[in-house]
Every structure is written in structure tokens, then in C-alpha cells.
K.L.:
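The structure that follows is given in the form of C-alpha cells.
Note: hydrogens, waters and symmetry copies are ignored here, and every other heavy atom, side chains too, is used.
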Amino acid sequence: MLTRTIARGALVGAGVLALLGPLAVGTAAADTATTQGTARIMAAPYAVVPYETVNIRSGPWRSEGIVGTAPANEPRGAYCWTTGETITDNGYSNNVWVKLVEGYVSALYLKGNEYGDLPASAVC
């Protein structure tokens with residue numbers, strides 16, 4: 001009788017693992033993506049936070065190709081700032097662009113000061 005109970009318990013346990021397996025794998029993938037995102041932020045000396053979703057470009061001009069987007073309130077790793085095309089939006093203008101890990105974003109859309117909260121000395 002003991003053998004059947006153990007075998008039955010093993011089968012039930014295997015069934016639970018089969019059902020949870022995809023969830024566990026998806027969670028692991030999400031954890032890995034989060035870890036990679038955090039690692040990308042930590043690889044850069046600064047972190048910036050967009051206050052709205054903004055395009056990331058290959059250079060500090062709107063004519064440069066879009067290489068991705070930075071969602072609102074999601075920290076991004078940043079290296080330095082440079083001047084580029086002046087962007088005007090909501091009555092504000094700024095020609096400062098911040099170099100992220102992925103590309104450039106106008107500091108106009110970043111929380112903080114006119115440099116996206118980077119120090120004034122962090123010039124590219």
C-alpha cells in the first residue's frame with residue numbers, strides 16, 4: 001500500500017510541475033529580462049527617468065533613426081549629455097540630448113534639470 005501512495009503522490013507532483021512549468025519558465029524569463037535591464041542601467045555611470053514614453057534615436061537629432069523607446073518612469077542608463085537639435089514641446093525648449101546605453105534622447109523629456117539630472121560636467 002505504501003508503494004502505491006508514493007507512486008500516486010509522485011504522479012500528482014509531476015502533474016503539478018507540468019502545469020507550473022510554463023509559469024516558472026515565463027517567470028524566469030521575466031526575471032532575466034529585468035536583471036538584464038538593471039544590469040544595463042548599472043553599466044552606465046548615471047540613471048535618467050523619462051516622464052513620458054520617448055523615442056531613443058541613433059544621434060541627437062530628430063532626423064536620426066529611432067532605435068527604440070524608453071517607457072515613462074522606467075530608469076535608463078546614461079553616460080553623458082551633448083548639444084543637438086533644439087526640441088520644443090509644451091512651451092519648453094532644450095537642445096540637450098542625453099546619451100543612453102541604447103542611443104540618444106532629448107533631455108526635455110527626462111525628469112530633473114535641463115541635463116536630465118546628469119551633472120553639468122558630464123559632457124560627451
K.L.:
Which heavy-atom pair separates A78 from P45 by the least distance, and what is that distance?
P.N.:
O-CD, 3.4 Å

K.L.:
Who are the ring pair (Phe, Tyr, Trp, His ring centres under 6.0 Å) partners of W97, not counting sequence neighbours?
P.N.:
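Expected list: none.
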
K.L.:
Quick one: do L100 and Y79 satisfy side-chain contact (heavy atoms from CB on, under 4.5 Å)? Show the steps, please.
P.N.:
CA-CA 6 Å; L100 305 178; Y79 293 106; over 6 Å; no

K.L.:
Ignoring hydrogens, what is the shortest heavy-atom contact between N94 and A107? Give both atom names and the distance.
P.N.:
ND2-CB, 4.0 Å

K.L.:
What residue among N73, D117, V48 forms side chain to side chain contact (heavy atoms under 4.5 Å, CB included) with K111?
P.N.:
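With K111 as partner, N73, D117, V48 yield a single side chain to side chain contact (heavy atoms under 4.5 Å, CB included), made by N73.
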
K.L.:
Quick one: pull up OH in Y104 and CZ in R57 and give me the separation to the nearest 0.5 Å.
P.N.:
14.0 Å

K.L.:
Going by side-chain hydrogen bond (donor to acceptor under 3.5 Å, both in side chains), name the pairs with one or both residues in residues 58-68, residues two or more places apart or in two chains.
P.N.:
S58-E64, R62-E85

K.L.:
In this structure, would V49 and Y115 fall into the same cluster of hydrophobic residues linked by side-chain contacts under 4.5 Å?
P.N.:
no

K.L.:
So, W81 side chain and L118 main chain: donor-acceptor pair closer than 3.5 Å or not?
P.N.:
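No, because the side chain of W81 does not come within donor-acceptor range (under 3.5 Å) of the backbone of L118.
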
K.L.:
To the nearest 0.5 Å, what is the distance between CD1 (I66) and CG (N55)?
P.N.:
3.5 Å

K.L.:
Among all residues two or more places apart in sequence or in another chain, which pass the side-chain hydrogen bond (donor to acceptor under 3.5 Å, both in side chains) test with N95?
P.N.:
none

K.L.:
Mind checking what makes side-chain hydrogen bond (donor to acceptor under 3.5 Å, both in side chains) contact with T88, not counting sequence neighbours?
P.N.:
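T88 satisfies side-chain hydrogen bond (donor to acceptor under 3.5 Å, both in side chains) with S93 only.
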
K.L.:
Just grab all the disulfide (SG to SG under 2.5 Å) pairs involving residues 55-85, residues at least two apart or on different chains.
P.N.:
C80-C124

K.L.:
Report the residue from L110, I56, T82 that forms a side chain to side chain contact (heavy atoms under 4.5 Å, CB included) with V98.
P.N.:
L110

K.L.:
Using side-chain hydrogen bond (donor to acceptor under 3.5 Å, both in side chains) as the criterion, list what pairs up with E114, not counting sequence neighbours.
P.N.:
none

K.L.:
Could I get the full list of ring pair (Phe, Tyr, Trp, His ring centres under 6.0 Å) partners for Y109, not counting sequence neighbours?
P.N.:
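Partners of Y109 by the ring pair (Phe, Tyr, Trp, His ring centres under 6.0 Å) criterion come out as none, since no residue qualifies.
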
K.L.:
Quick one: does T69's side chain have a donor or acceptor within less than 3.5 Å of a partner on P71's backbone?
P.N.:
no

